[in-house]
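In what follows, chains carry the letters A, B, and so on, assigned in the order in which the sequence lines appear, proteins first and then strands, with residues in each chain numbered from 1.
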Amino acid sequence: MSETDAQTAFIRSEMLAPQLPPVTERGVIKWLRENLFAGWLNSLLTLVSLFVVVSIIVTALPWWLNGVWNAGSLGECRTIAGPEGGACWAVIKARWHQYIFGFYPQDAYWRPILAFGMMFVALAPVLYYGLRAGAKLIGVVAVLTVLSLAALDHNIAHVGAIAVLMAGLFAFSVIAPKRLVYVTILYPFIAFWLLWGGSIWKPVATLLGFGVMVLVYRLIQPRLGVIMGTAVGFVAACLYWLFVQGAITGALGDAWPTLTAVNSDQFGGFLLAFVIGVTAITCSLPIGILLALGRRSDMVLIKTLSVGFIEFIRGVPLITMLFTASLLLQYFLPPQTNFDLILRVVILVTLFAAAYIAEVIRGGLAALPRGQYEAADALGLDYWQAQRLIIMPQALKISIPGIVSTFIGLFKDTTLVSFVGLLDPLRGVTQIVRADINWKGIYWEPYIFVGVIFFLICFGMSRYSMYLERKLKTDHR
Amino acid sequence: MKKSVFLGAVAAAALSAGVASAATLDDVKARGELLCGSNTGLTGFGAPDANGNWVGFDVSLCRAVAAAVLGDPAKVKFVPTTGETRFTALASGEVDLLVRNSTWTYSRDTDLKFDFVAVNYYDGQGFMVKKDLGVSSAKELDGATVCIQTGTTTELNLADFFKFNNISYTPVTVQDDSEAQRQYLAGACDAYTTDASGLAASRATMADPENHIILPEIISKEPLGPAVRHGDNQWGDVVRWTFYALLIAEEKGITKANIEEVAASSTDPEVRRLLGLEGDAGVMMGLDNNWAKNAIAANGNYGEIFEANIGTATPIGLARGLNALWTQGGLQYAPPLR
């Protein structure tokens, strides 16, 4: 027995402490080997990229680090930065307000800021219906709005009143998050009044027109159906707008409360980009849905009109549409009509975006299995009920990435309005800044500044769409 | 400065039916505001400053017209127009008057149906080169690369000039002035060509203006002036004579500062007619007799406007040259006011 014991030279009675993998198979080195230096081609590409990145940084870094923030002109910037040169951010410091607000009167900056803050309040129920995240968003926006107002507006009464208002909206969103939709419905009228000023009774009287439309619809729809209800309601509202509204606004005139009127030609910079972008985005989605449905409709007339509209608009460059808005429309209107240029541009940009949205949504509709439509029919739903309850929720969910990328494209396309002489932030305002002899010759700084802001906004939209996709994901693919 | 005229031509063709109303003067008076088509931003000639107030050489003429017609130089709305939209804006009645350093050419006068009522700035196309290129005349630019804005008549002038002198060049096309300056400074082209006033402004803002020279040759005529619609002669007269009033004021030594004093003391009959002390010059035109006095009081006489915006005292530093009064060897000449 002892011999056998002796043959068994060694039996481990306890486990060895686990050892680290070899140095090439762990940590940073493993990651580098797998990701950057796997094979000669990868290694070569890595080295080349590294060289490019380093040389860009070496060239550009001194320019960034040597940036000058306090100077009265490009010449002063050059003197301060010295021979190695540096970015002249002083131009942004001197003219940032024109990049943001255009020529909007400086003592009225609180109006666009409040309108911007309230935009998020109005968006919260759309983006996060009934969720806590909505209240959080409103809370953050409320604080930021009040802070930026405090920095820009020296009227304590304004800041105080707006702080109270934003706090009230925040409380409302905490107590009744779903009721916040009413703020959303009212928002376009509030924003219009805040931005353009004048008498409040004009937007209120316009809003009444929608009230008329809903009332007539409610009366007629049970008897004659959705389409007749909508059509008669629309006609009634148009009659009201054409013939009654003038009398109402005329009678009330400039009754309290009024704000100083601001002309459209004072809009510029990001204020203009937002006015055009947000209006076009909001209006193009419903129009796009209707066009997509029209294109798939069995009714020949509706189908032909939808197809014709979509194909025509998609076949024409946006710049052509803008020139039409700015130049041709004038010829079809009576002489001396002052049809606001921004309004003309907004309408045509909306139609342009609607045609693209229609095609994106048609893609979503086409992706739905036929069974969904048949199931809706089998349940006895009529066309609009089926669309509202069964088809659209699924089609829109599928189309989210396409819709959001159309929106992002649309928002960036708002810079094209500089071709018709509007003050977009990228080219319009920059051209004006460069026309100042103090800043003539400046090149990169305005582009970088505007580019960064555009990036932040578009990146935000894109992240939100990814969040929405995750949230709405119900299948198990 | 002379972008595509195509859109303007289309628009003018559509206009031949006569859409815009004829009596611009009545429209302006009724509106209480002058709509002046201006640049989207050109150094010295017209651009809003940091507070959004429009200033510049062309802008001052708009203000003078507003002062003459409405009695208040502030009653102007400036409508920024691009090279493409400017002529249609005028033809369609979106603006009453276009003062946007537009060159007076034959086709614009006849085919586009505008009237260029005066020339407020005589410009011409020139070249800027780096000093170390060792060139002292544009005729030595054989084989050079030249930065040129696309879609302008400067492009055509350039081709004509090189063809005529039997030398060759390579064009580097750029979109606008800032890009041109960038390309030129980066060495993408040997020479940069545009209107001489623009070259002077660009050179003034370079880090090393002493290393760049503007060549002596001026290869084209660019008479820049205010334009109005064809067929509304009364309005054309108002703009033309407002401009001439500024010239006469300079000729007679009437300035913004001394205008009240001159009005009180002058015995010169033409001055008295100009300032509305004698005769009915304003009423003949459909204005009141203070028209010229108001126009001059707005920004001063022609010389003052020139010196304040683009003259030698400003960083742009343009000499009067062709734009001096005829009495001083220039071309600015106002017909007699009687």
Side-chain angles (χ1 to χ4, degrees), chain A residues 73-75 77-79 81 83 85 91 94-98 101-106 263 265-266 268 319 322-323 326-339 341 418-424 427-444 446-447, chain B residues 7-8 10-11 14-15 17-22 27 30-31 35 37-53 55-56 77-82 84-89 91-94 175-179 181-182 185 201-202 204-208 310 314-316:
Chain A
S73 70
L74 183 59
C77 266
R78 284 182 183 136
T79 325
V91 64
R95 296 296 192 101
W96 66 271
H97 56 282
Q98 284 181 339
F101 299 106
F103 299 131
Y104 209 84
Q106 300 214 0
N263 251 326
D265 57 323
Q266 287 169 290
I319 298 212
L322 291 175
F323 276 127
S326 123
L327 306 175
L328 276 179
L329 279 185
Q330 278 288 321
Y331 286 106
F332 301 122
L333 298 169
Q336 301 300 322
T337 350
N338 202 0
F339 187 15
L341 179 58
S418 72
F419 285 103
V420 293
L422 290 178
L423 287 176
D424 84 293
R427 193 150 170 268
V429 177
T430 302
Q431 211 164 359
I432 278 172
V433 169
R434 284 197 192 123
D436 184 340
I437 189 79
N438 288 329
W439 304 115
K440 192 173 163 62
I442 205 138
Y443 196 76
W444 295 110
Y447 288 153
Chain B
L7 280 161
V10 171
L15 188 77
V19 179
S21 76
D27 290 341
R31 201 190 299 124
L35 299 176
S38 60
N39 231 299
T40 47
L42 181 68
T43 314
F45 284 85
D49 65 7
N51 301 316
N53 303 315
V55 287
K77 185 174 148 191
F78 292 96
V79 181
T81 54
T82 64
E84 290 86 5
T85 61
R86 55 180 164 178
F87 293 123
T88 328
S92 66
E94 214 172 326
Q175 269 307 317
D176 55 25
D177 186 58
S178 59
E179 201 190 324
Q181 197 173 333
R182 182 107 215 131
L185 287 175
S202 287
T205 54
M206 285 177 179
D208 52 344
I310 51 180
T314 66
I316 303 172

Atom group of [X] that falls short of 4.5 Å from chain B, counting heavy atoms:
X	value
A:Trp444	side chain
A:Gln266	neither
A:Thr430	neither
A:Gln98	side chain
A:Arg95	side chain

Next on the checklist: Which heavy atom of B:Ser38 sits nearest to which heavy atom of B:Phe78, and what is that distance?
Outcome noted: OG-CB, 3.8 Å

Checklist entry - If every non-hydrogen atom of A:Val420 is compared with every non-hydrogen atom of A:Leu341, which pair is closest and at what distance? => result O-CD2, 4.0 Å

Item to check | pair A:Ile437-B:Ile316: side-chain heavy atoms closer than 4.5 Å | outcome: yes

Checklist entry - Heavy-atom distance under 4.5 Å to chain A: side chain of B:Ser202, backbone, both or neither? => result both

Chain B: which of [options] shares the most heavy-atom pairs with it under 4.5 Å?
options	value
A:Lys440, A:Arg434, A:Gln431	A:Lys440
A:Ile442, A:Asp436, A:Asp265	A:Asp265
A:Tyr104, A:Phe103, A:Phe419, A:Trp439	A:Phe103

Using a cut-off of under 4.5 Å on heavy-atom pairs, state which of [options] scores highest against chain A.
options	value
B:Met206, B:Arg182, B:Gln181	B:Arg182
B:Pro315, B:Pro80, B:Gly52, B:Pro48	B:Pro48
B:Gly56, B:Ala47, B:Gly41, B:Ala89	B:Gly41

Short question: side chain of [X], backbone of [Y] - any donor-acceptor pair under 3.5 Å?
X	Y	result
B:Thr85	B:Thr81	no
A:Ser73	A:Asn438	no
B:Asn51	B:Asn53	no

Next on the checklist: Can you see whether A:Tyr447 has A:Arg427 sitting over its ring - NZ or CZ less than 6.0 Å from the centre and within 45° of the normal?
Outcome noted: no

Next on the checklist: What's the separation between atom CG in B:Asp176 and atom OG1 in B:Thr82, rounded to the nearest 0.5 Å?
Outcome noted: 12.0 Å

